[in-house]
Amino acid sequence: MVNMPTFKAKELLPVYALVSTEGVLVDDALAKLKETIAKDISDTNTEYFHAAEVKMESVVQSAQTLPFLSKRRFIHIAHIEKLKAKEQDALLRYIEEPNSTTILCLSGSKIDQRTKLGKSLVKNKFLFNMSAPNQKELPKWITQRSKEQGCSLEMDAAFLLSDLIGNDLALLERAIEKAALYVHPKKEITFEVVQECVAATRLHSVFELNDAIGSRNTALALTLLKSVIDGGENALLVLTMLARHLRQLVGIKSLAGYSLSEYDLAKEIGSRHFLIQSLKGQANNYSLIELQGALKKIGECDLQIKSSRVPPVFVLQTYITKLLEPNR
């Protein structure tokens with residue numbers, strides 16, 4: 001599961017660097033940190049900065065300031081991944097000799113551990129790097145998240161959410177919130193609830209799109225793609241779900257030589273046992289090299305959708321057409 005850090009008030013550190021590519025995990029860790037060791041620090045002794053918008057000399061000066069009618073100050077620098085290289089030296093000097101009456105928290109999506117700053121954080125055990133749950137762990141994370149929101153969520157419903165949304169934790173959290181509001185004042189989120197209030201067109205259209213691609217049915221795949229995008233679905237989410245589907249097909253091909261039951265195979269590739277026969281049939285339509293190449297191209301599509309002016313639907317249409325070309 002997620003390697004969330006454990007904070008102890010009796011083992012206070014002068015610096016905490018909370019890092020994850022998943023903003024949800026950073027927010028969780030920050031809330032946990034403040035609740036554990038900074039909940040008694042007043043607003044007067046609290047300051048927030050954006051790493052790209054502040055001079056580190058000013059932050060260091062604030063960090064060196066004595067707290068007002070309190071034992072400590074709390075300073076938070078968000079989006080540390082955007083810290084300019086020329087600003088790192090001042091922060092590095094402070095980290096090597098921090099003020100004992102200040103808690104300095106850095107947060108963001110990444111810190112390059114090859115830099116002097118990164119090495120210093122690692123050396124002093126100030127860096128807390130949190131990884132997202134993998135596909136196998138995702139349903140358990142979803143059920144745990146639901147409990148934190150005061151709801152119980154059936155495991156089948158958790159699997160459906162992971163199938164629909166993938167491992168985008170922010171989207172999953174919003175889906176759980178939506179389902180919780182849908183069943184209120186009840187507390188149980190069932191498979192049917194997810195179908196009704198979260199899946200909508202996704203359950204039918206996106207799964208059908210993936211199946212059409214798995215079956216190498218170009219005409220149907222392009223028709224379903226247009227329907228999905230016209231229905232308001234996010235192109236990056238469609239791409240994410242397609243990537244997951246292709247990874248499952250790669251898993252089927254890679255594990256073909258092992259005598260695994262449908263249940264064990266489903267567990268290995270992050271699917272459900274009653275989908276295995278269909279996935280096996282789709283995997284037979286491709287060579288392992290084709291599927292691996294298609295997965296590599298996913299990254300290029302992702303970048304093109306995010307950075308170019310080409311309409312996302314055109315990017316996806318081109319990708320699918322090339323993937324399904326005969327005699328590849």
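Positions are given from 1 along the sequence. Values below: every heavy atom of this structure, side chains too, minus hydrogens, waters and symmetry copies.
A salt bridge does not link Arg93 to Asp89: none of the charged side-chain nitrogens sits closer than 4.0 Å to a carboxylate oxygen. Glu300 and Lys297 are joined by a salt bridge, as a carboxylate oxygen and a charged side-chain nitrogen come within less than 4.0 angstrom of each other. Note on Arg174 versus Asp168: no salt bridge recorded, every NZ/NE/NH1/NH2 to OD/OE distance being 4.0 Å or above.
Side-chain contact annotation: Gln248 with Gln282, donor-acceptor N/O pair under 3.5 Å absent. Side-chain atoms of Thr46 and Asp43 include no donor-acceptor pair closer than 3.5 Å.
Separating the CZ atom in Arg114 from the CD1 atom in Ile111 is a distance of 13.5 Å, to the nearest 0.5 Å. With rounding to the nearest 0.5 angstrom, the OG1 atom of Thr21 is 8.5 Å from the CG atom of Asn129. Here the CD1-CG distance, from Ile298 to Leu303, works out to 13.0 Å after rounding to the nearest 0.5 Å. From Leu18, atom CG reaches atom NE2 of His76 across 7.0 Å, with rounding to the nearest 0.5 Å. We find the CG-CG distance between Leu246 and Leu239 to be 9.0 Å, quoted to the nearest 0.5 Å. For the atom pair CD1 of Ile77 and NE2 of His50, the computed distance is 11.5 Å after rounding to the nearest 0.5 Å.
Classified by interplanar angle (parallel below 30°, tilted 30° to 60°, perpendicular above 60°), the ring pair Phe128/Tyr16 is parallel.
Remark: side-chain polar atoms of Ser278 are not paired, donor with acceptor, to backbone N or O of Leu275 under 3.5 angstrom. The main-chain N or O of Leu236 is found under 3.5 Å from a side-chain atom of Thr240 such that the two form a donor-acceptor pair. Remark: side-chain polar atoms of Arg216 are paired, donor with acceptor, to backbone N or O of Asn285 under 3.5 angstrom. Remark: side-chain polar atoms of Asn217 are not paired, donor with acceptor, to backbone N or O of Ala212 under 3.5 angstrom. A donor-acceptor pair is defined here as one N or O able to donate and one able to accept, closer than 3.5 Å; such a pair exists between the side chain of Thr143 and the backbone of Lys140. In terms of modelled atom types and a separation under 3.5 Å, the side chain of Arg73 and the main chain of Ser62 share a donor-acceptor contact. Side-chain atoms of Glu87 never come within 3.5 Å of backbone atoms of Lys84 as a donor-acceptor pair (strictly under, hydrogens ignored). No donor-acceptor distance shorter than 3.5 angstrom exists from the side chain of Gln88 to the backbone of Ala85, with no hydrogens or angles considered. Not a single donor-acceptor pair under 3.5 Å links the side chain of Tyr286 to the backbone N or O of Val250. Although no hydrogens or angles enter the test, the distance criterion places no donor-acceptor pair under 3.5 Å between the side chain of Ser227 and the main chain of Thr223.
Surrounding CD of Glu96 are more than 12 heavy atoms belonging to other residues, nucleotides or ligands, all under 6.0 Å away. Around CD of Glu148, the count of heavy atoms belonging to other residues, nucleotides or ligands within 6.0 Å exceeds 12.
Contact check for Lys147 versus Gln149: no side-chain heavy atoms found under the 4.5 Å cut-off.
Follow the hydrophobic side-chain contacts under 4.5 Å out from Leu295 and you reach Ile213 in the same cluster.
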